[in-house]
Q: 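Quick one: structure below, then a few questions.
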Amino acid sequence: MNKLTREDLIVLLTERNETKYAAALNELRNIGNLNLAVTKMYGYSVGDDLVIVYHYCFDGCHFYFEISDFNNLIYFYNEIESIMKSAKEILFSSDSPDIFQNSQFINLFGKHDIIKQESFGMLSPVISHEIDKNIRRLTIEDEKIVSAFYEPLRQYRDNLKNAFETRIKTNDKNCIIYAYIDNETDILGYLIVDTFDGYYWDISYIYVSENSRGKGIAKKLAAFYANDVIENGYFASYGVPENEDSKKVAVSVGFEMFERRYFTQWMLQK
């Protein structure tokens, strides 16, 4: 059993498959950023088998498993049992659904329902889509057209006016808002992207006004964002699509799946 520090994990995951672990490496490289919910990451390995431990700011722990030899599970359990017991909430995930059906895993960690999540990113260096000239980055000078924009509020979601006030007007370099602006007067849709370090960019929200849907605006916004980020030498992540329509937008633009994980639900500890 080897315990892997944050730095050890960066080396290991980079050597194994930097693209597959792009999201995990982004978190590892930005531990300590106050905007990142993950406060600590480290791992344990036996041969090629691996468990990554994520600690969160809300006293939760997430355990990611990559297991080829299920006989190794007991060794990982012995290492992380005390970590699990000290956490207020725990979550399990893996790159394979098979582990959650394995009798040894069930005996040690319990039986759980799982959900599949797929992360998409722009892996190709060039995108062939024609760029729509109605799209551009919003600046502080766009306050008037932002104020005139209406959208219904959604729980746990950012919105254009809030992001503009808190990120654009404060000159936050870690946020960009791309907007589709009709005749430079009316915003028909927008896309918010964020980064921790200026390299790995991720979509936090896409919204298109109800009366402007069906015109390919979301697709055009995503393509513009990807082109803009890639041209500057950075990584454009689409993140995890919320639904099949969002996934179709990602694929049609050229985003490719780079990671598939299977997650349990968060479990409250007694």
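Any value given below was found using the heavy atoms of this structure, including those in side chains, with hydrogens, waters and symmetry copies removed. Positions are given from 1 along the sequence.
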Q: Would you kindly say whether Asn243 and Ser246 are connected by a side-chain donor-acceptor distance under 3.5 Å?
A: no
Q: Can you give me the closest heavy-atom contact between Glu165 and Thr170, atom names plus distance?
A: O-CG2, 3.8 Å
Q: Glu66 and Tyr64: side-chain donor and acceptor closer than 3.5 Å?
A: yes
Q: For Ser103, is there any backbone N or O sitting under 3.5 Å from a side-chain donor or acceptor partner on Asn107?
A: yes
Q: If you measure from the Lys or Arg side-chain nitrogens to the Asp or Glu carboxylate oxygens, is any gap between Arg29 and Glu27 under 4.0 Å?
A: no
Q: Aromatic contact between Phe92 and His62, with the criterion being ring centroids under 6.0 Å apart: yes or no?
A: no
Q: Checking Tyr190 against Glu151: is there a side-chain donor and acceptor pair closer than 3.5 Å?
A: yes
Q: Decide whether a cation-pi geometry holds between Lys88 and Phe58; the criteria are a distance under 6.0 Å from NZ or CZ to the six-membered ring centre and an angle within 45° of the ring axis.
A: no
Q: Is a donor on one side and an acceptor on the other found under 3.5 Å between the side chain of Arg213 and the backbone of Val208?
A: yes
Q: If the threshold is 4.0 Å, N to carboxylate O, is there a salt bridge linking Glu79 and Lys3?
A: no
Q: Distance-only, no hydrogens or angles: does the Asp197 side chain make a donor-acceptor pair with backbone N or O of Tyr200 under 3.5 Å?
A: yes
Q: Do Tyr262 and Phe105 land in one hydrophobic cluster if side-chain heavy atoms of ILVMFWY residues count as linked below 4.5 Å?
A: yes
Q: Centre-to-centre under 6.0 Å for Phe235 and Phe258, is that the case here?
A: yes
Q: Does any N or O in the side chain of Thr264 come within less than 3.5 Å of the main-chain N or O of Leu91, such that one atom is a donor and the other an acceptor?
A: no
Q: Is the backbone N or O of Ile145 less than 3.5 Å from a side-chain atom of Asp142, with the two atoms forming a donor-acceptor pair by type?
A: no
Q: Please determine which of Arg136, Lys133, Lys144 meets the salt bridge (charged side-chain N to carboxylate O under 4.0 Å, His left out) test together with Glu184.
A: Arg136
Q: Between the main-chain N or O of Ile74 and the side-chain N or O of Asn78, is there a donor-acceptor pair closer than 3.5 Å?
A: yes
Q: Report yes or no: do Asn26 and Asn30 form a side-chain donor-acceptor pair below 3.5 Å?
A: yes
Q: Less than 3.5 Å apart, any donor N or O on the side chain of Asn174 or Thr195 sitting next to an acceptor on the other?
A: no
Q: Counting distance only, does the side-chain N/O of Asp49 pair as donor-acceptor with the main-chain N or O of Asp69 below 3.5 Å?
A: yes
Q: Does Lys85 pair with Glu81 as a salt bridge, N-O distance under 4.0 Å?
A: yes
Q: Between the side chain of Thr5 and the main-chain N/O of Asp8, is any donor-acceptor distance below 3.5 Å?
A: yes
Q: Using a 3.5 Å distance criterion without hydrogens, assess whether the side chain of Gln269 forms a donor-acceptor pair with backbone atoms of Ile90.
A: no
Q: Would you please indicate yes or no on a ring centroid separation below 6.0 angstrom for Phe255 and Tyr238?
A: yes
Q: Side chains of Asp228 and Tyr178: is there a donor and an acceptor less than 3.5 Å apart?
A: yes
Q: As a test of understanding, state which of Phe76, Phe70, Phe100, Phe65 forms a ring-ring contact (aromatic ring centres under 6.0 Å, His included) with Phe109.
A: Phe65
Q: Distance alone, cut at 3.5 Å: any donor-acceptor contact between the side chains of Asn134 and Asp132?
A: yes
Q: Look only at the side chain of Ser94 and the backbone of Ser96, and say whether a donor-acceptor pair between them is shorter than 3.5 Å.
A: yes
Q: About how many Å separate CG of Asp182 and CD1 of Ile187, when rounded to the nearest 0.5 Å?
A: 11.0 Å
Q: Output yes when Glu118 and Arg260 qualify as a salt bridge under the 4.0 Å nitrogen-oxygen rule, no when they do not.
A: yes
Q: Scan side-chain atoms only and decide if Ser124 and Glu256 contain a donor-acceptor pair under the 3.5 Å cut-off.
A: yes
Q: Just checking, is any N or O donor in the side chain of Tyr205 or Asp158 under 3.5 Å from an acceptor N or O on the other one?
A: no
